[in-house]
Amino acid sequence: MEKQSAIDRQYCELCGKMENLLKCGRCRNSFYCSKEHQKQHWKKHKLICKEADKAQVSKQKPEPTQPSGDGKTEEKYQQKKSAEQADSASPSGESMKGFITNAEGPEVGDKPGEDGSNNAKSNGQTRSSPQKLATEYIVPCMNKHGICVVDNFLGAETGMCILEDVKALHKTGKFTDGQLVSQKSDSTKDIRGDKITWIEGREPGCEKIRFLMSRMDDLVRHCNGKLGNYTINGRTKAMVACYPGNGTGYVRHVDNPNGDGRCVTCIYYLNKDWDAKEHGGLLRIFPEGKAQFADIEPKFDRLLFFWSDRRNPHEVQPAYATRYAITVWYFDADERARAKEKYLTGAGEKGVKVELNKPSDPS
């Protein structure tokens with residue numbers, strides 16, 4: 001398993017290609033698809049490569065004795081030690097464990113307390129209001145990293161109700177094979193193995209899914225005007241997706257590679273007791289310009305945001321248990337208008353603009 005995991009982490013530092021790779025002979029931590037790409041990337045890589053050399057040497061040296069003396073001397077020692085530890089870890093192909101932090105979901109949607117107040121707690125922490133979560137966590141996180149995770153978004157009770165809606169919907173047989181944005185061949189199943197259906201939220205039996213969409217809209221409304229340079233004025237319907245657990249996934253791709261108007265991808269996961277080591281199904285994101293990748297487990301009641309364009313190529317790794325997710329894409333007004341003018345789009349499920357939901361009652 002360790003050998004396979006190492007293989008999964010290998011990709012060209014310049015272009016991201018994952019086949020027929022060559023290893024840097026100096027640091028032996030970075031990979032390239034050709035000598036030409038290694039040469040092109042050397043200006044950036046040489047700093048990491050040199051630090052990797054230092055790290056190899058430092059492993060052979062004994063740990064320095066902590067100096068005694070005043071607090072300033074000790075503080076400098078700790079700062080130096082922390083810097084050395086940071087330098088010794090090669091970023092090439094490693095997961096961004098410190099790259100993404102997790103916030104708790106908002107209060108709305110939780111079961112009120114005995115006193116009638118909506119003062120729900122998760123893991124001992126009182127949840128933030130939707131506005132505070134949006135402005136103090138999601139906006140700065142997205143603008144800095146382009147990826148943002150919110151755990152315990154709606155609470156277990158509401159999450160289970162949404163999961164029941166999704167399972168009932170799945171049993172109706174309305175799910176069909178996921179399609180590609182540009183369908184030019186019969187090889188779709190080799191690229192993506194999910195079954196999907198599109199939901200507006202007003203369909204019978206989808207009341208809780210509609211409530212989820214309204215909560216997503218609330219957060220985006222509070223973020224609007226602060227996410228990059230975007231002005232969000234609508235979204236797609238919700239794509240409810242299921243990977244059946246037979247080892248299918250979705251190869252590396254970009255949601256919006258050609259400026260169709262989608263600026264933010266928002267995914268809600270519904271998988272109880274998910275164990276990535278056993279069940280697979282990780283969403284692996286390869287942020288542009290970073291040597292690391294970000295692994296997102298599809299955990300129950302987890303909400304994920306990321307930029308939809310070429311900044312975030314991503315893949316769904318093979319899933320070995322039934323994996324449910326609900327995805328909504330939000331539109332930037334200007335880009336969507338340009339796309340409509342250029343391509344005269346508007347047909348097809350992804351081309352249908354839907355106004356943001358007004359706040360709704362969860363009951």
Engineer: Got a second to check how far His45's NE2 is from Ser30's OG, nearest 0.5 Å?
Structural biologist: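 With rounding to 0.5 Å, NE2 (His45) is 4.0 Å from OG (Ser30).
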
Engineer: Between His37 and Gln40, is a side-chain contact (heavy atoms from CB on, under 4.5 Å) present by the stated rule, with each step listed?
Structural biologist: CA-CA 5 Å; His37 277 197; Gln40 291 179 29; 4.2 Å; yes

Engineer: I'd like to know if the side chain of Arg310 reaches the main chain of Pro257, judged simply by a donor and an acceptor atom lying under 3.5 Å from each other, with no hydrogens or angles considered.
Structural biologist: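 A pair under 3.5 Å: yes.
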
Engineer: Is there a continuous path of hydrophobic side-chain contacts, each under 4.5 Å between heavy atoms, that joins Trp274 to Ile296?
Structural biologist: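 In one cluster with Trp274: Ile296, no.
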
Engineer: Main chain of Leu227, side chain of Asn143: is a donor-acceptor contact present, judged purely on distance under 3.5 Å?
Structural biologist: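 It does not hold such a pair.
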
Engineer: What's the shortest heavy-atom distance between His253 and Val251, and which atoms?
Structural biologist: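 So the minimum-distance heavy-atom pair works out to ND1-O, 2.8 Å.
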
Engineer: Quick one: do Gln317 and Leu282 satisfy side-chain contact (heavy atoms from CB on, under 4.5 Å)? Show the steps, please.
Structural biologist: CA-CA 5 Å; Gln317 298 188 341; Leu282 286 171; 3.8 Å; yes

Engineer: Looking at every heavy atom in both Ile147 and Met142, which two are closest together, and how far apart are they?
Structural biologist: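 Closest pair (atom of Ile147, atom of Met142, distance): N-SD, 3.9 Å.
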
Engineer: Only one of Asn256, Ile232, Asp309 passes side-chain contact (heavy atoms from CB on, under 4.5 Å) with Cys263; say which it is.
Structural biologist: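 The side-chain contact (heavy atoms from CB on, under 4.5 Å) with Cys263 is passed solely by Ile232 among Asn256, Ile232, Asp309.
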
Engineer: Check whether the side chains of His314 and Asp255 place a donor and an acceptor atom closer than 3.5 Å, and report yes or no.
Structural biologist: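 Yes, Asp255 and His314 have a side-chain donor paired with an acceptor closer than 3.5 Å.
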
Engineer: Between Gly159 and Tyr268, what is the shortest heavy-atom contact and its length?
Structural biologist: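 Distance-wise, the nearest heavy atoms are CA-OH, 3.6 Å.
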
Engineer: Using atom types as modelled and distance alone, determine if a side-chain donor or acceptor of Asp301 lies under 3.5 Å from a backbone N or O of Leu154.
Structural biologist: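 Yes; judged by distance alone, with no hydrogens or angles, the pair exists.
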
Engineer: Any idea which heavy atoms bring Ala319 and Tyr243 closest together, and the distance?
Structural biologist: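 In this case the closest contact between Ala319 and Tyr243 is CB-CB, 4.2 Å.
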
Engineer: Verify the ring-centre separation between Tyr320 and His279: is it less than 6.0 angstrom?
Structural biologist: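 No, too far apart.
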
Engineer: Hey, what do you get for CG (Leu283) to CG (Asn312), rounding to the nearest 0.5 Å?
Structural biologist: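 It comes to 9.5 Å.
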
Engineer: In Å and rounded to the nearest 0.5 Å, what is the NZ to CG distance from Lys340 to Asp260?
Structural biologist: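 Between Lys340 NZ and Asp260 CG, I get 11.5 Å after rounding to 0.5 Å.
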
Engineer: Cation over ring, Lys272 on Phe300, under 6.0 Å and within 45°?
Structural biologist: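 Output yes; distance and angle both within limits.
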
Engineer: Is any side-chain heavy atom of Cys24 closer than 4.5 Å to a side-chain heavy atom of Gln38?
Structural biologist: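 Side chain of Cys24 against side chain of Gln38, heavy atoms only: contact under 4.5 Å found.
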
Engineer: Take Glu136 and Gln131 through the test side-chain contact (heavy atoms from CB on, under 4.5 Å) and record every step on the way to the result.
Structural biologist: CA-CA 8 Å; Glu136 295 185 12; Gln131 183 174 4; over 6 Å; no

Engineer: Quick one: do Asp194 and Arg192 make a salt bridge, cutoff under 4.0 Å?
Structural biologist: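 Result for this pair is yes, salt bridge flagged.
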
Engineer: Determine whether Met216 and Leu212 make a side-chain contact, defined as any pair of heavy atoms from C-beta on separated by less than 4.5 Å.
Structural biologist: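 Yes, side chains in contact.
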
Engineer: Can you tell me how far CG of Asp217 sits from CZ of Arg215, rounded to the nearest 0.5 angstrom?
Structural biologist: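 Answer rounded to 0.5 Å: 9.0 Å.
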
Engineer: Could you tell me whether the side chain of Asn224 reaches within less than 4.5 Å of the side chain of Tyr230, counting heavy atoms only?
Structural biologist: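 Heavy-atom side-chain distance check fails, nothing below 4.5 Å.
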
Engineer: Identify which one of Val240, Leu270, Leu169 satisfies the side-chain contact (heavy atoms from CB on, under 4.5 Å) criterion when paired with Tyr324.
Structural biologist: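 It is Leu270; the other options fail the test.
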
Engineer: Would you please test Phe305 and Leu219 for side-chain contact (heavy atoms from CB on, under 4.5 Å) and show each step?
Structural biologist: CA-CA 11 Å; Phe305 295 91; Leu219 285 181; 4.1 Å; yes

Engineer: Should Thr158 and Phe153 count as side-chain neighbours, where that means a heavy-atom distance under 4.5 Å?
Structural biologist: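 Of all side-chain heavy-atom pairs linking Phe153 with Thr158, none is under 4.5 Å.
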
Engineer: Does Ser308 use its side chain to pair, donor to acceptor, with the backbone of Val264 at less than 3.5 Å?
Structural biologist: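 Checked: pair present.
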
Engineer: Hey, does the Lys NZ or Arg CZ of Arg284 hover above the aromatic six-ring of Phe293, less than 6.0 Å from the centre and inside 45° of the axis?
Structural biologist: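 That pair qualifies as a cation-pi contact.
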
Engineer: Checking side-chain contact (heavy atoms from CB on, under 4.5 Å) against Asp165, which of Glu203, Met160, Lys208 comes through?
Structural biologist: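 Only one of Glu203, Met160, Lys208 forms a side-chain contact (heavy atoms from CB on, under 4.5 Å) with Asp165, namely Lys208.
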
Engineer: Does any donor atom in the side chain of Asn233 or Tyr330 lie under 3.5 Å from an acceptor atom in the other side chain?
Structural biologist: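 Per modelled atom types, Asn233 and Tyr330 side chains form no pair under 3.5 Å.
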
Engineer: Could you give the distance from NZ (Lys195) to OG1 (Thr322), rounded to the nearest 0.5 Å?
Structural biologist: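 It is 12.5 Å, given to the nearest 0.5 Å.
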
Engineer: Could you tell me which non-hydrogen atom of Thr135 sits nearest to which non-hydrogen atom of His222, and how far apart they are?
Structural biologist: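 In this case the closest contact between Thr135 and His222 is CG2-O, 3.9 Å.
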
Engineer: Verify, without hydrogens or angle tests, whether Asp295 (side chain) and Glu297 (backbone) share a donor-acceptor contact under 3.5 angstrom.
Structural biologist: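 Between the backbone of Glu297 and the side chain of Asp295 there is no qualifying donor-acceptor contact (under 3.5 Å).
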
Engineer: For Glu335, does its backbone N or O pair with a side-chain atom of Asp332 as donor and acceptor, under 3.5 Å?
Structural biologist: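 At least one qualifying donor-acceptor pair exists.
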
Engineer: Can the ring centroids of Trp198 and Phe175 be said to lie less than 6.0 angstrom from one another?
Structural biologist: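 Between Trp198 and Phe175, the centre distance exceeds or equals 6.0 Å.
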
Engineer: Can you see whether Thr265 engages Trp329 through a side-chain donor-acceptor pair at a distance of less than 3.5 angstrom?
Structural biologist: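 Their side chains do contain a donor-acceptor pair, which is all the 3.5 Å distance test asks for.
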
Engineer: Main chain of Arg302, side chain of Asp151: is a donor-acceptor contact present, judged purely on distance under 3.5 Å?
Structural biologist: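 Pair absent, no side-chain N/O of Asp151 close to backbone of Arg302.
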
Engineer: Would you say the side chain of Ile326 lies within less than 4.5 Å of the side chain of Val166, judging by non-hydrogen atoms?
Structural biologist: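 With C-beta onward as the side chain, the pair touches.
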
Engineer: Could you tell me the separation between the OG1 atom of Thr327 and the CG atom of Leu304, rounded to the nearest 0.5 Å?
Structural biologist: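 Atom-to-atom, Thr327:OG1 and Leu304:CG are 9.0 Å apart.
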
Engineer: Side-chain contact, heavy-atom cut-off 4.5 Å: Arg338 with Glu341?
Structural biologist: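 Of all side-chain heavy-atom pairs linking Glu341 with Arg338, none is under 4.5 Å.
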
Engineer: Is there side-chain contact between Cys266 and Leu303, with at least one heavy-atom pair below 4.5 Å?
Structural biologist: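 They are in contact (side-chain heavy atoms under 4.5 Å apart), so the answer is yes.
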
Engineer: Please name the pair of heavy atoms, one in Tyr269 and one in Lys299, separated by the smallest distance, quoted to 0.1 Å.
Structural biologist: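 Answer, listing the atom of Tyr269 first, then Lys299: CB-O, 3.1 Å.
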
